[in-house]
Amino acid sequence: MAIIFKFVLKSIKEKKFRAFLILFSIMMSSALFFAAGAMSNSMEKMVVDRIRKVVGSSEIMIHAGSDSPSPFVSTAGAERFKEKVDYAVGCITGSAVYETEKKEHIRLNLYGYSLEELQSFNPISFSTYGEVPFVGKRLIVSSLFAKENSISVGDNITITIRGSKHRFSIAGIANDTGLFTDDGRTSAVVVPRETLAAVYGVKGSVSTIFIKPAAGEDKGELIRGLSRVYEKYKVAESIPMEDIKRETDSMTIPFMMMVVMVMLISVFIIYTSFRVITAELMPVVGTFRSIGATRKMTDIVLLSQSLIYGIIGGALGCIMGIGILWVMSRMMMNMGFNSSGFAAAIDFEPQQMGFAFLSAVLLSIVSSIIPILKASKLPVKDIVLNTIERKTKKSNWKLIAGLMLFAAVVTVPPFIPREHALIVNSAVMTAACISIVLLIPYITHVFLRIFEAIYLYVFGNEGVLAAKNLRDNKNMLNNISLLAMGISTILLINTISFSVFKEVTNGYKNLNYDIELSLKDMDRSALASLRRIEGVKDVYGSYITYDVELSDGKSRLIALIGADTKKHLEYYDVGFDESHEVLLERLSQDRNIFISKALQTKFKLNEGDYMTIKTPSGYRDYKVIGFFDSIMWNGQVGFISDKYFIMDMKQRSYTEILIKTSEDVDLVVDRIKTKFKSTSTYISTIRDMEERNQNSNEALFNIFRIFSIMTMVIGVFGVLNNYAISFIERKRGLAMMRSMGMNKLQTVKMIFIEALSGGLIGGTIGVIMGVLLIMTVPYVLRAIDLPIKIHYSVPMLLSSILAGVVVAVVASISPALKSSKFNIIEAVKYE
Amino acid sequence: MEALKRIPITEAQRAVIETCSLYKTYKLGAVDVEVLKDINLSIHEGEFVSIMGPSGSGKSTLLYLIGGLDKPTAGSIKINSKELSVMKDKEQSILRRRDIGFVFQFYNLIPNLNIEDNIMLPILLDGKRIRDHRKKLDEILEVVGLTDRRGHTPRELSGGQQQRVAIARALINEPDIILADEPIGNLDSKTGTEVMELLRKINKEKGKTIVQVTHSRESAAYGDRVINVKDGRVWQ
């Protein structure tokens with residue numbers, strides 16, 4: 001057995017490039033499999049880390065909701081549960097503004113805590129503390145804030161809360177961690193709770209109560225008990241793990257779909273490599289068999305090679321997977337999963353690594369088993385005498401299976417139920433790839449017929465010869481398959497990215513205003529004071545409620561807008577035509593609603609149907625009177641009239657104020673900031689919002705791009721390997737042609753024309769495969785409530801074909817050069 | 001063992017192949033191996049010459065040097081009075097296309113091309129149009145007896161049939177010389193006889209000069225003259 005093992009290792013070592021290629025494809029497959037699986041854990045960890053910054057070690061929190069009688073909640077109710085909890089810490093939150101020496105305004109988030117309680121559930125790590133009791137007009141600030149404003153412990157600073165100036169002394173400076181982590185926009189400040197309660201006039205009440213159940217207490221039961229006491233308030237888990245998991249799991253599926261592509265390519269590479277390996281090892285297998293080795297033993301020789309590749313590739317893949325996961329986490333920070341000041345977090349479970357390793361071993365064995373079993377069935381006499389007959393029988397099963405799969409891929413997606421769309425469409429996409437791979441010999445045949453006719457006039461007889469050489473050339477067909485799979489994956493990602501970019505751009509084009517503003521008190525007087533600011537052309541107070549539950553208790557609208565029927569169209573252009581304007585008037589006449597076309601498809605609603613919305617006043621039926629096309633809020637949006645919005649949603653102040661400007665937008669933003677410097681404001685230009693949105697989308701697609709580029713890289717290595725194999729196999733044919741008078745230049749020309757043809761066919765089939773994959777995307781996106789229209793970019797399609805040509809031609813350089821140097825006699829003389 | 005003698009080459013007709021003081025040395029690791037030593041011979045138009053000798057004697061090397069597939073270490077080779085050593089790759093290739101036809105032991109057909117395409121390869125390489133040479137193809141297929149197999153691929157033919165295709169391919173450009181390396185070395189005796197009959201027919205009826213390398217005395221007997229090669233030298 002030791003000799004066999006030694007032999008296996010030696011034969012792996014002898015073919016370094018092939019070993020590298022097999023290991024690389026196995027490694028990448030398992031690495032990406034691991035990263036895609038573990039990504040949801042990492043995303044969860046990042047989200048949880050961010051929430052933990054505020055909620056500390058608590059597990060339950062109580063705070064006011066939109067229908068609560070007050071924004072503050074009494075701590076008395078929680079006192080009744082003191083036997084069942086480790087702690088119940090009250091916190092008063094607020095905001096303030098600090099004016100720097102340079103007259104800049106820094107927004108401060110105020111947290112009113114008892115320091116002792118805070119240290120028990122969300123401890124502060126102090127840089128310095130002034131050894132004074134944390135009572136009265138004292139503050140704890142972050143190190144960054146202290147450094148930027150040259151503040152030390154004991155210094156006094158003045159901050160503005162609700163328009164009044166308050167003077168505080170610095171009690172301590174905290175390290176920039178936990179609550180004090182810098183988010184790049186605001187700065188956290190801890191104030192004694194009683195002091196902040198006095199400022200807000202809410203003695204005995206807090207904004208939030210953080211609770212940790214005592215050991216052995218059932219959290220669910222405690223939440224139910226607290227909900228009964230605080231029935232007008234929100235009692236919920238501090239970290240809504242179910243929601244987070246749902247969100248992050250839905251992100252995993254598209255990545256897994258990419259992994260399927262990577263694995264398909266790897267299967268292809270390993271399968272073709274093992275066909276060559278078994279052919280090469282046949283004489284040795286024959287020798288083993290002739291000296292008494294059983295078929296089982298020779299199978300073990302071949303399988304152990306596959307197993308070694310699987311084990312090494314799997315181990316390397318797990319290590320690389322951690323690296324990829326880390327890179328992905330870094331990239332996720334740019335797409336809103338985290339904010340500045342946090343390190344990219346990676347988190348995974350040991351079994352995920354185990355599965356990745358197992359996937360590598362399985363991938364290697366499954367991909368190599370067919371060539372190994374085929375070799376195993378050969379009669380020992382034929383192996384020893386090298387009289388193995390090659391099958392020449394042509395069968396059409398590939399054509400029939402390919403066409404049937406193709407037909408299924410085109411026709412099935414519209415009929416897939418929404419709830420199964422993600423999983424079934426993943427299978428459809430895999431089937432699309434398999435169907436094209438099965439059809440590649442036939443499509444190639446058609447292409448070659450055309451090329452043969454054209455090449456005579458373009459490249460002369462060498463062109464015709466090149467086209468003839470490609471007929472039934474297995475290596476070239478493999479190359480075409482690899483190129484097609486790699487190109488289609490990149491095309492898929494780039495087309496979706498391009499479509500999202502275009503849709504988002506179009507979405508923002510529909511917003512006919514320049515600035516969005518949030519103020520503490522957004523009422524008619526705020527609109528009036530904004531109108532007085534120089535450069536403000538017009539303002540519109542918009543009512544919006546987010547995350548609105550529908551009657552089934554499961555479905556939700558991302559946003560419900562209360563529209564001012566007179567002004568709404570001036571600010572939102574969502575494709576209403578004139579008749580819609582009339583319809584808009586009808587909004588105010590009754591409980592009527594316009595919904596997006598995405599919602600219309602999702603809920604299969606027609607005009608006149610009713611949509612039941614859960615409001616603070618109970619369930620309300622709204623009659624659907626029209627539809628509009630919009631990508632904003634992912635198309636999960638509806639409009640009702642502001643009159644019924646105020647009535648049903650019990651919301652009197654605007655959610656946001658939309659501003660049209662007549663001067664430079666940035667200048668107007670500065671003026672608004674100055675005007676409202678003493679109150680907390682959120683202000684953003686539409687231009688900045690669009691940029692942030694596009695950047696966030698781009699960050700997501702960059703992660704997908706890593707996967708697609710890896711797919712292409714594996715494909716390119718496969719193509720290089722095939723060219724190397726092809727050259728070895730064709731050496732004899734090339735030598736024969738040289739013996740018949742083909743000169744070196746003609747040989748090189750022929751090889752390049754072959755590569756060009758292979759690249760053209762590979763690129764074109766890649767585009768066909770890509771389009772087939774892209775066709776299923778709208779159904780996948782619709783299933784995750786993202787009604788993105790697909791936009792094809794002709795330059796992108798053409799550059800995909802060009803990419804195929806470039807890869808093939810570059811890969812053929814080495815064989816072309818070798819073809820003019822090899823020993824003709826050796827090549828023609830020996831079998 | 002029979003005493004080996006050097007043979008003088010007689011000059012009856014125009015010499016189509018001439019070698020003068022031909023040497024060929026290969027490097028085998030650090031050692032130089034002299035495969036051919038001072039080879040001087042003439043082969044005349046219409047001759048059917050068999051080169052015989054034991055394995056490793058240098059007979060195939062001599063054939064490939066004559067065919068311009070390898071370069072001599074020293075000496076000259078003339079084909080139809082044209083000196084090979086001064087020719088560039090392109091000129092040598094043209095010579096191989098038009099003046100020489102090769103037949104190999106293992107046929108060396110392109111497996112994914114059909115019989116017609118395999119035979120027409122030299123036409124393609126010479127930049128000629130296939131459709132202009134259809135008649136010629138029909139004639140040659142008739143000569144080699146494969147008219148009914150023209151659309152088949154090499155895999156679908158027997159060894160003897162494949163060698164006939166190789167002979168047809170060697171003839172399509174109507175070269176003066178056919179160089180055959182063990183043409184029946186891979187065939188059974190019956191098929192081998194058929195192939196040798198075909199070569200003799202081509203030699204007699206078409207007047208082609210044929211030089212074959214062979215191990216077999218029966219095969220050599222089809223020729224007009226035998227050249228023995230041993231230890232890199234030509235003997236009679």
Side-chain angles (χ1 to χ4, degrees), chain A residues 386-387 389-394 441 444-445 448 452 455-457 459-477 726 729-750 820-831, chain B residues 26 60-61 63-65 67-70 88-114 116-118 120-131 152-157 166 169-170 172-173 175 179 181-182 185-186 213:
Chain A
N386 194 19
T387 52
E389 273 184 37
R390 292 178 186 95
K391 264 191 189 172
T392 53
K393 208 177 99 185
K394 281 194 177 177
T444 305
H445 188 75
L448 289 176
E452 226 176 290
Y455 282 178
L456 178 65
Y457 304 100
F459 299 116
N461 283 351
E462 292 87 349
V464 177
L465 203 51
K468 282 181 190 289
N469 283 341
L470 294 180
R471 275 192 224 155
D472 303 323
N473 183 324
K474 278 203 169 137
N475 286 309
M476 191 50 80
L477 291 177
S726 169
E729 286 178 355
R730 289 187 59 200
K731 227 169 162 180
R732 192 183 180 82
L734 289 172
M736 185 274 301
M737 288 197 198
R738 296 271 286 128
S739 73
M740 285 190 306
M742 182 179 238
N743 63 41
K744 288 177 184 174
L745 199 70
Q746 282 179 305
T747 315
V748 171
K749 185 178 167 187
M750 185 183 77
S820 56
K821 287 178 190 155
F822 71 97
N823 188 320
I824 302 170
I825 301 167
E826 268 179 25
V828 286
K829 198 158 165 50
Y830 304 105
E831 182 73 284
Chain B
Y26 284 116
S60 288
T61 304
L63 190 80
Y64 291 124
L65 286 175
L69 292 179
D70 204 356
K88 290 183 178 160
D89 171 62
K90 202 173 172 182
E91 293 165 307
Q92 277 195 6
S93 300
I94 291 170
L95 180 111
R96 282 201 298 274
R97 256 180 243 164
R98 296 177 186 170
D99 297 352
I100 300 171
F102 272 101
V103 177
F104 300 101
Q105 181 182 355
F106 297 107
Y107 335 124
N108 287 345
L109 303 177
I110 307 284
N112 46 350
L113 297 186
N114 65 23
E116 273 191 16
D117 288 341
N118 264 291
M120 294 301 254
L121 270 175
I123 297 286
L124 278 174
L125 294 175
D126 209 20
K128 296 171 191 161
R129 283 175 179 247
I130 288 180
R131 62 166 177 245
H152 290 245
T153 59
R155 286 192 196 112
E156 294 162 331
L157 302 186
R169 186 179 62 191
I172 191 77
N173 255 345
L179 302 179
D181 185 10
E182 303 271 10
N186 204 35
V213 164

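Just so we're on the same page: letters track the sequence lines, and every chain starts at 1.
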Gly733(A), Ser739(A), Ala735(A): which one forms the most heavy-atom pairs within less than 4.5 Å of chain B?
Ser739(A)
Heavy-atom neighbours of Lys128(B) NZ exceed 12 at 6.0 Å
yes
For Leu121(B) and Met736(A), which heavy atoms make the closest approach, and how far apart are they?
CD1-CE, 4.2 Å
Once you round to the nearest 0.5 Å, how far does CD1 of Ile110(B) lie from CG of Asn473(A)?
10.5 Å
Check: Met740(A) and Asn173(B) side chains under 4.5 Å, non-hydrogen atoms:
no
Please state whether the side chain, the backbone, both or neither of Gln746(A) comes within less than 4.5 Å of a heavy atom of chain B.
side chain
Which answer fits Met750(A), side chain, backbone, both or neither, if we ask what part of it has an atom under 4.5 Å from a heavy atom of chain B?
neither
Is it the case that more than 12 heavy atoms not belonging to Lys749(A) sit under 6.0 Å from its NZ atom?
yes
Sidechain-backbone polar pair: Asn461(A) side chain, Leu124(B) backbone, donor-acceptor under 3.5 Å:
yes
The interface call for Asp89(B) against chain A, heavy-atom contacts under 4.5 Å, is both
Let's test your reading of the structure: which of Asn743(A), Asn823(A), Asn469(A), Leu745(A) forms the most heavy-atom pairs below 4.5 Å with chain B?
Asn743(A)
Between NZ on residue Lys90(B) and NZ on residue Lys744(A), distance to nearest 0.5 Å
14.0 Å
Between the CZ atom in Arg738(A) and the CD atom in Gln92(B), the distance rounded to the nearest 0.5 Å is 9.0 Å
Close side-chain approach of Asp117(B) to Arg471(A), heavy-atom, < 4.5 Å:
yes
Report the C-alpha separation of Thr61(B) and Ile825(A) in whole Å, then their side-chain angles, then the decisive distance to 0.1 Å, and conclude whether the side-chain contact (heavy atoms from CB on, under 4.5 Å) test is met.
CA-CA 8 Å; Thr61(B) 304; Ile825(A) 301 167; over 6 Å; no
Pick one of side chain, backbone, both or neither for Arg169(B), based on which atoms fall under 4.5 Å of a heavy atom in chain A.
side chain
Checking Leu179(B) against chain A: side chain, backbone, both or neither under 4.5 Å from a heavy atom?
neither
Scanning both residues in full, the closest heavy-atom pair of Met737(A) with Leu125(B) reads O-CD1, 3.7 Å
Could you go step by step and tell me if Asp70(B) and Ile824(A) meet the side-chain contact (heavy atoms from CB on, under 4.5 Å) rule?
CA-CA 8 Å; Asp70(B) 204 356; Ile824(A) 302 170; over 6 Å; no
